[in-house]
Amino acid sequence: MTPPVRNGSVPDVIVTARDLRKEYGDVAAVDGVDLDLERGSVTALVGPNGAGKSTLMRLLCGLLDADEGRVLVDGVDAAAEPRKVRSLYGFLPDVYGFREEMTPREVLGYFADAYRIPAHLGDARASELLTFVRLDGVADKPVGRLSRGMRQRLGIARALIHDPPIVFLDEPAAGLDPDNRRELQALFKSISAAGKTLLVSSHILTELEEYCTHAVLLRAGRVGAADRLARLVAGPLAAQTMRLRAVRGLEKAEALLSRRPGVSGLEASGPDLRFRLACTDEEAAALLAELLAAGVQVAAFGAETRSFEDAYRSWSAEEAG
Ligand code: ADP
């Protein structure tokens with residue numbers, strides 16, 4: 001499998017949703033979602049429990065019919081050609097039951113057959129995937145004897161059996177210990193490196209941050225933010241918190257900053273000054289030059305780095321507002 005060629009400026013979108021809605025009784029589980037997934041991207045889908053993540057995933061892969069709106073998958077309309085759309089996806093649902101007496105090899109054989117893959121190719125594909133998800137040692141043992149981590153890896157192999165270009169994983173890491181989660185992360189990175197487009201829902205933001213390129217924040221069935229992960233984490237310019245450490249002249253810096261338009265929330269933080277300022281890199285460079293010219297001996301200066309967790313928390317706080 002070759003990774004897709006990306007044209008730097010125009011995003012190559014593989015999944016598009018417009019004004020997607022799904023209600024359960026008087027609950028709007030998905031309430032007017034517009035979404036684009038770039039081909040080859042790995043998107044984190046995050047939000048509180050009940051935000052509509054599972055429902056949205058199922059709508060996007062044609063497992064649920066929308067009440068309103070449109071989904072296009074690689075140019076195919078999900079409402080017009082649901083079977084075709086479903087074949088473009090591999091899906092790991094949040095709850096998945098395998099028949100306990102079947103072996104992983106039999107499970108994969110069964111699904112290969114369901115996708116009408118000829119038996120000899122299906123067998124080869126199953127063996128290849130069992131190795132990929134590191135289940136070759138238990139390939140012929142009953143599923144009932146597998147650990148939760150192994151079952152999740154079998155679920156991933158099952159999602160990949162027909163070599164779909166898009167893979168959706170609904171809370172794949174829930175209930176797994178750190179070693180098993182790390183193993184899953186490595187698998188997701190390999191799946192992504194093979195050029196597939198991934199959408200992963202999870203509450204473990206520190207881990208999503210390690211392998212996701214994009215993120216969608218969902219609350220009460222609506223998209224609160226969707227962007228490249230790095231941009232979401234950096235936050236809007238207005239939200240930048242700057243930190244200045246000086247070995248001499250901290251008072252001078254404080255005086256200069258307190259007079260400067262746009263600076264707010266100026267406070268001492270241990271040996272540093274922290275303040276909020278909306279500025280471009282050029283403006284930050286000009287401010288640093290000013291501080292140096294005023295005789296402040298600057299040891300460190302820059303925007304504080306935020307984590308995905310920080311970004312999510314400040315987004316949640318704003319939403320709660
Ligand atoms: P999440 O995956 O973010 O936890 P869900 O998509 O599971 O959210 O659920 C979104 C909302 O829709 C919740 O209020 C949930 O109770 C409701 N919901 C989801 N599926 C069903 C269903 N099959 N029947 C009734 N209500 C549902």
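Positions are given from 1 along the sequence. Counting convention: from 1, in listed order, for ligands and their atoms alike.
Of the protein's heavy atoms, Val27 CG1, 3.6 Å lies nearest to atom 14 (O) of ligand 1. Of the protein's non-hydrogen atoms, Tyr24 CD1, 3.2 Å is the one closest to atom 27 (C) of ligand 1. Scanning the protein heavy atoms around atom 12 (O) of ligand 1, the nearest turns out to be Ala29 CB, 3.3 Å. At the shortest separation from atom 7 (O) of ligand 1 among protein heavy atoms lies Ser54 CB, 3.8 Å.
A donor-acceptor contact under 3.5 angstrom links the side chains of Ser201 and Asp170, judged on distance only. Using modelled atom types, one finds a donor on one side chain and an acceptor on the other under 3.5 Å when comparing Asp310 with Ser307.
Ligand 1 has at least one atom lying under 4.0 Å from a heavy atom of Gly50.
Relative ring orientation between Phe168 and Phe91 is described as perpendicular, the plane-to-plane angle rising above 60° on a 0-90° scale split at 30° and 60°.
Between Asp177 and Arg182 there is no salt bridge, since no side-chain N of the basic residue sits under 4.0 Å from a carboxylate O of the acidic one. The pair Asp179-Arg181 fails the salt-bridge criterion, with no side-chain N (NZ, NE, NH1 or NH2) lying under 4.0 Å from an Asp/Glu carboxylate O.
On a distance-only criterion, Asn49 and ligand 1 share no N/O pair closer than 3.5 Å.
The neighbour count for Arg222 CZ, taken as heavy atoms of other residues, nucleotides or ligands under 6.0 Å away, does not exceed 12. At most 12 heavy atoms of other shown residues, nucleotides or ligands fall within 6.0 angstrom of atom CG in Asp65.
Looking at Thr55 against ligand 1, both its backbone and its side chain come within 4.0 Å, counting heavy atoms. Contact annotation: for Pro48 versus ligand 1, heavy atoms closer than 4.0 Å belong to the backbone alone.
In this comparison of Gly52, Ala28, Gly25, Ser201, the heavy atom closest to atom 8 (O) of ligand 1 sits on Gly52. Among Glu171, Met57, Lys53, the residue whose heavy atom lies closest to atom 3 (O) of ligand 1 is Lys53.
Of all the atoms in ligand 1, the ones that sit under 4.0 Å from a non-hydrogen atom of Ala51 are 1 (P), 3 (O), 8 (O).
Between Leu37 and Val13 the shortest side-chain heavy-atom distance does not fall below 4.5 Å.
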